[in-house]
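All values below come from the heavy atoms of this structure, side chains included, with hydrogens, waters and symmetry mates left out.
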Amino acid sequence: MMNHLNCDKVDDYLDLLLYAKKIKDVEWQQEIKKRLLAYLEESEARKQQRITDLRIKLSYVNRRILVLYQQLRKRNVELTEKITNELYALKQRRMELEAEIGQMREQNRRIS
């Protein structure tokens, strides 16, 4: 995800690159390009790891909701306020995770 700090850092690299071109320092241009590419690759790797982490959390939340509903259906537990609150909290968390994953996907589409 390209947040404000990431954009600023990329802008700084590009400013340096423009200056290096202006003073015709080819070696420095190559170094800046190499560092910028490494930074972008690292940023992409962090973004992919974040999406993976969010999917794992979402999977856990979905499994927990399923377990609670299965217990209720089998009448292993009664629908108590505690279970109702847990289901509500889990559903809220699921919506938050899905929204964050959706935002990251949308940003990827805009960048591509």
Inset, instruction - Go through the side-chain N and O atoms of Ser59 and Arg63 and say whether any donor and acceptor fall under 3.5 Å apart. - result: yes
Inset, instruction - Return yes if a side-chain donor-acceptor contact under 3.5 Å exists between Asp25 and Gln29, otherwise no. - result: no
Distance (rounded to the nearest 0.5 Å) between [X] [atom1] and [Y] [atom2]:
{"X": "Leu58", "Y": "Asp53", "atom1": "CG", "atom2": "CG", "value": "12.5 Å"}
{"X": "Leu72", "Y": "Thr84", "atom1": "CG", "atom2": "OG1", "value": "8.0 Å"}
{"X": "Gln30", "Y": "Leu17", "atom1": "CD", "atom2": "CG", "value": "9.0 Å"}
{"X": "Leu16", "Y": "Ile32", "atom1": "CG", "atom2": "CD1", "value": "5.0 Å"}
{"X": "Ile83", "Y": "Tyr69", "atom1": "CD1", "atom2": "OH", "value": "11.0 Å"}
{"X": "Leu90", "Y": "Met95", "atom1": "CG", "atom2": "CE", "value": "11.5 Å"}

Looking at side-chain heavy atoms only, is the closest gap between [X] and [Y] below 4.5 Å?
{"X": "Trp28", "Y": "Ile23", "answer": "yes"}
{"X": "Leu68", "Y": "Arg64", "answer": "yes"}
{"X": "Leu97", "Y": "Asn62", "answer": "no"}

Legend entry - Partner of Ile65 by side chain to side chain contact (heavy atoms under 4.5 Å, CB included), out of Lys91, Arg93, Gln70: Lys91
Legend entry - The single option from Lys34, Glu44, Lys9 passing side chain to side chain contact (heavy atoms under 4.5 Å, CB included) against Tyr39: Lys9
Inset, instruction - I would like to know whether Lys47 and Gln107 meet side-chain contact (heavy atoms from CB on, under 4.5 Å); could you show each step before the answer? - result: CA-CA 11 Å; Lys47 182 174 32 173; Gln107 286 177 346; 5.8 Å; no
Legend entry - Worked verdict on Leu54 versus Met104 for side-chain contact (heavy atoms from CB on, under 4.5 Å): CA-CA 11 Å; Leu54 289 171; Met104 293 181 83; 3.8 Å; yes
Inset, instruction - Examine Leu14 and Leu18 and state if one hydrophobic cluster contains both, with Ile, Leu, Val, Met, Phe, Trp and Tyr joined whenever side-chain heavy atoms are less than 4.5 Å apart. - result: no
Inset, instruction - Report whether Tyr13 and Tyr19 are members of the same hydrophobic cluster (ILVMFWY, side-chain heavy atoms less than 4.5 Å apart, transitive linking). - result: yes
Legend entry - Residues which pass side-chain hydrogen bond (donor to acceptor under 3.5 Å, both in side chains) with Gln92, listed by chain and number, not counting sequence neighbours: none
Inset, instruction - Inspect the surroundings of CZ in Arg46 and state if more than 12 heavy atoms from other residues, nucleotides or ligands are less than 6.0 Å away. - result: yes
Legend entry - Ionic contact status for Glu86 with Lys82, cut-off 4.0 Å: no
